[in-house]
Amino acid sequence: MKIENTIEDLHQMLNNKEVTVEELVNESLSKSKLVQKECNAFVTIIENPIIKEVNSNLLSGIPYGIKDNYSTKGILSTGSSNTLKDYIPFYTATCIENLEKCGAIAINKTALDEFGMGGTGTTCHTGIVKNPWNKLHMCAGSSAGSAAAVAAGVYPFALGSDTGDSIRKPAAFCGIVGYKPTYGMISRYGLFPFASSLDHCGCLTRSVKDAAIVVDAMKGLDKNDQTSWDSSNIHLYNSIDGQVKGKKLFYIQNIVDLENYTNPSKELKEHINNFYKTLDLLKKDGVEVEGINIDKALLNAIPSVYVCLSCAEATSNMSNLTGIIFGPRGKGENVTDMMIDHRTQGFSPLIKRRFVIGSYILQKENQEKYFVNAQRVRRLIVDKMKELFKTYDGLIMPVSTGPAPLLDNPKDSVSVDDVSVLEEHLQIGNFGGFPSITIPNGFINDLPVGINITGNCYDDINVLNIAYHLESKMPYKGQIAPLKEDNHE
Amino acid sequence: MSKYKAVIGLEMHCEMQSNSKVFSSAENSYNDTPNANVRPLDMAFPGTLPTVNKECICKSLLMSLVLNCSQPEYMYFDRKNYYYPDLPKGYQITQMHAPVGVNGKITIDIDGREKEVLIHDIHLEEDSASLDHYRDISLIDYNRSGVPLLELVTEPCFYSAEEAVAFLEYMRRIYQYCGVSEADTKKGQIRCDVNVSIMDENASELGTKVEMKNINSFANVYDAINYEIKRQSELKDAGRYDEVEQETRRFDEESGTTIRMRSKVDAIDYKYFVEPNIPKYKITKEWLEEIKKDIPMLPRERKEKYIKEYNLSEYDANIIIKEKDYADYFEECVKIGINPKLAANYLIVQIIAYINKEGISIKDFYLKPEYLKQIIVEQDKGNISSKQAKEIFNKALDERKEPKNYISKDNAQISDKNLLEDIINTILDNNQTQIEAYHNGKTNLFDYFVGQVMKETKGKANPNMVKEILKEKLD
């Protein structure tokens with residue numbers, strides 16, 4: 001199918017009249033239906049999208065998907081939660097408006113772990129999202145639907161959001177590119193908040209340059225988001241030249257040293273070995289790569305700091321979900337009972353658990369011990385990274401401990417065990433607001449795995465450039481999951 | 001009066017006037033149509049974000065300076081988390097960790113004596129929506145949701161209802177003088193929380209503090225404090241002071257009593273934390289200097305000036321500074337050259353009476369200072385009598401025409417000495433008998449002669465000159 005090409009190629013095809021916008025939209029819609037049937041990736045398929053004209057903009061006439069935690073005017077926007085199962089917003093998120101202005105065409109709204117608060121793609125109110133490479137496996141989350149759809153070739157890009165690793169981990173598990181730029185480069189106005197100080201907008205694509213094109217379009221100073229900043233002098237796509245000679249990268253030695261794991265699984269061993277092989281590709285082209293040991297205590301604190309801060313902010317951010325103004329009205333004799341009913345019925349147990357943790361952490365008597373200390377450790381981690389970024393152009397790490405786990409054995413992301421730091425280290429990128437990109441770097445058990453590059457704030461071009469070079473040294477750019485229709489009898 | 005010493009602290013919430021709401025671009029103005037001044041943030045639609053209104057920041061810093069507070073190094077906000085139907089986000093954005101002003105003080109006048117009021121802090125926050133309760137339903141109006149509020153918290157430094165209300169009155173004036181708020185209690189723009197405790201005259205420790213929430217007029221503040229002092233004193237007298245609990249009560253206007261709402265034990269944990277969507281903003285010295293320039297002359301300073309420079313009585317000065325609009329009108333009069341005492345007289349005797357009767361603001365008063373000047377100048381020159389001046393004042397006001405239209409030659413006073421002498425000579429010639437009687441001791445006939453002159457001139461003769469000339473001729 002033509003729709004399975006990258007944005008760059010599709011733009012050229014549209015200009016050369018090898019394909020029309022209508023054809024692309026129709027292909028995207030029919031593929032949406034297949035992916036919906038096989039992977040359950042969508043909350044809404046937009047049946048009659050407005051066809052736009054092709055112009056010089058790379059995104060004109062290009063179909064795309066929107067994670068369902070973005071506000072889209074006139075289109076159901078649920079956050080994959082029963083608390084908003086009937087909510088149709090009357091305003092559109094800034095970054096989507098920016099894409100619409102470029103002429104991109106939204107095809108569907110993709111499923112996510114409820115409000116982004118999960119890492120499995122199994123807690124959407126519409127059900128479990130399955131990995132198009134192997135439907136017995138998860139996509140990871142929370143941008144599960146977006147990752148599945150882009151991997152299956154529904155369109156060349158979809159929007160994601162990333163509070164811990166919600167773009168970058170599903171990208172790895174689905175064999176695609178996932179990029180979240182520096183905090184504030186893309187306005188968050190219209191993104192349903194999970195944890196405001198950690199939330200990032202971003203995209204999932206099948207090539208690094210496509211990710212640059214999409215973020216170029218999404219980004220920009222927004223009067224509705226005071227944490228956004230003016231990046232008008234930054235042109236990501238045009239700045240990628242693939243020159244990496246003399247660049248310096250580091251990896252966190254003690255996390256990727258198999259010696260440090262008591263009983264490493266076969267998959268973990270393969271994953272780590274594959275990681276080192278990928279590093280060799282860079283070294284061969286003149287990139288210096290060094291292992292750095294970081295204080296284990298600091299590393300071990302990462303998952304706990306994340307749980308503390310994200311749950312605390314989430315419990316406050318989601319206090320507007322009462323069913324009074326929007327969302328289904330709860331039942332009850334008085335307004336308090338109505339709110340309680342709405343929230344009791346609406347939220348999944350996983351979210352409720354996080355709210356309880358968040359409330360506990362914010363309680364007056366616990367704040368100093370948990371919340372304020374978590375903020376302090378966050379600062380220590382960020383300072384350590386910034387210090388290293390003085391010497392190095394970026395941090396390069398394997399994503400997760402291997403490929404996507406089986407769906408019938410999902411791991412609750414709040415739990416902690418000895419591989420938890422390797423599993424959760426991408427959260428560093430959210431602590432510091434660092435630009436961070438995942439690209440595919442191979443397969444284990446016929447399932448894709450990924451590698452991540454994270455750089456200093458505002459250094460997005462550098463990060464993309466290294467990722468682009470590495471992508472060109474491997475055969476995974478543009479790969480499509482060979483999704484087969486099950487024989488449903 | 002109670003034999004105990006009462007200790008009172010105040011929290012004064014004042015709605016700020018501004019171009020838009022404090023964190024959204026919705027209009028900040030009173031609107032009869034419910035839910036008309038609403039942007040997505042004001043109803044907390046998912047994904048909306050607060051953006052700080054700079055005007056509100058400047059005005060709150062200005063108030064912080066006026067109250068001699070110290071300002072924080074960085075401006076930032078906190079979330080106060082609680083569920084209530086009038087609070088759409090489920091939290092209020094306020095300032096807990098770094099209020100815009102702390103540790104301030106301001107001097108006020110109470111019955112001719114000065115009192116220094118200690119300010120704990122002043123902070124900027126957003127108002128909630130308003131609720132209307134009916135028999136079976138309640139309605140929410142989000143017009144007020146997100147309206148900027150300044151909350152001023154005093155130390156417990158008042159010892160009577162009079163002191164507390166004098167402070168509130170003075171602060172209301174300050175807000176108006178500084179253009180920070182209309183501070184109109186009738187529009188619900190000021191609401192107060194009051195806490196009251198009593199103690200033995202020489203005790204060193206404060207008694208149990210009782211808080212009364214959401215009192216919406218100064219008269220009610222006054223009544224609530226006095227009721228509470230009485231209630232607590234009676235319990236103490238009866239040896240039942242342990243029944244005075246640290247609790248929150250509300251003032252019931254109808255019965256004039258306070259009613260228990262909840263105990264302090266049930267106090268809500270608001271789980272304050274820093275609002276992550278608003279970046280910290282550095283408050284520089286230069287910025288504060290800039291804002292300082294916008295502080296107008298405040299009522300106490302103006303009063304001092306009126307008394308010292310313009311020789312007004314304290315009584316008159318107090319009336320004029322009561323409203324900023326009065327003071328501005330008065331100062332405009334002085335500025336364009338009207339004698340301050342005459343201007344004050346006009347303002348106090350006629351203008352304030354008139355606008356009160358008509359129920360209008362002095363801003364809508366037709367006779368602007370320059371029109372008033374037209375009358376006063378003629379009166380000062382002796383061209384018109386005070387009686388005439390009053391008539392012209394009323395006529396100009398009635399017919400909405402400049403006073404100079406009524407100051408014609410027709411009604412001009414006759415102040416020409418030669419002309420008056422001629423008239424007086426004729427009258428004296430025709431009244432020889434009366435002159436004789438006058439010289440024989442009937443001195444009250446002097447008024448008869450004056451009357452004759454006035455009759456002859458149809459009341460236009462300058463009475464002072466007439467008297468002078470007559471005295472000369474008769475004595």
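A note on names: the letters A, B, ... follow the listed sequences, proteins ahead of strands, and every chain is numbered from 1. The shown structure was predicted, so the numbers you read here are calculated from the model rather than taken from an experiment. Because only heavy atoms are used, hydrogens play no part in the values below, and waters and symmetry mates are left out as well, while side chains stay in.
Residue A:Ile361: no heavy atom, backbone or side chain, is found under 4.5 Å from chain B. Heavy-atom distances place both the backbone and the side chain of B:Asn277 under 4.5 Å from chain A. Contact of B:Tyr142 with chain A is made through the side chain alone, with heavy-atom distances under 4.5 Å. Heavy-atom distances place the side chain of B:Ile140, and not its backbone, under 4.5 Å from chain A. Interface remark: A:Gln367 contributes side-chain atoms only to the contact with chain B (heavy atom separation under 4.5 Å).
The most heavy-atom pairs under 4.5 Å with chain A, out of B:Ile278, B:Asp269, B:Leu41, come from B:Asp269. Taking A:Ser316, A:Pro89, A:Ala312 one by one and counting their heavy-atom pairs under 4.5 Å with chain B, the maximum is reached by A:Ser316. Per-residue heavy-atom pair counts under 4.5 Å with chain B were compared for A:Met318, A:Glu313, A:Glu365, and the maximum is reached by A:Glu313. Note on A:Asp199, A:Ile324, A:Asn224, A:Leu321: by heavy-atom pairs under 4.5 Å with chain B, the leading option is A:Asn224. The candidate from B:Ser25, B:Pro40, B:Pro50 with the greatest count of non-hydrogen atom pairs under 4.5 Å with chain A is B:Pro40. Ranked by non-hydrogen atom pairs under 4.5 Å with chain B, the options A:Ala93, A:Ser197, A:Ser359 are led by A:Ser359.
Salt bridge present: B:Glu55 and B:Lys59 bring a charged side-chain N and a carboxylate O closer than 4.0 Å. Salt bridge B:Lys80/B:Glu125: absent, no basic N to carboxylate O contact under 4.0 Å. Remark: A:Arg354 does not engage A:Glu114 in a salt bridge, criterion side-chain N to carboxylate O under 4.0 Å. With respect to B:Asp127 and B:Arg144, a salt bridge is recorded, a charged nitrogen being found less than 4.0 Å from a carboxylate O.
Because its NZ or CZ atom is both nearer than 6.0 Å to the ring centre of B:Tyr74 and within 45° of the ring axis, B:Lys282 counts as a cation-pi partner of that residue.
One N or O on the side chain of A:Ser143 and one on the backbone of A:Ser166 form a donor-acceptor pair closer than 3.5 Å.
Partners of A:Phe194 by ring pair (Phe, Tyr, Trp, His ring centres under 6.0 Å), not counting sequence neighbours: none found.
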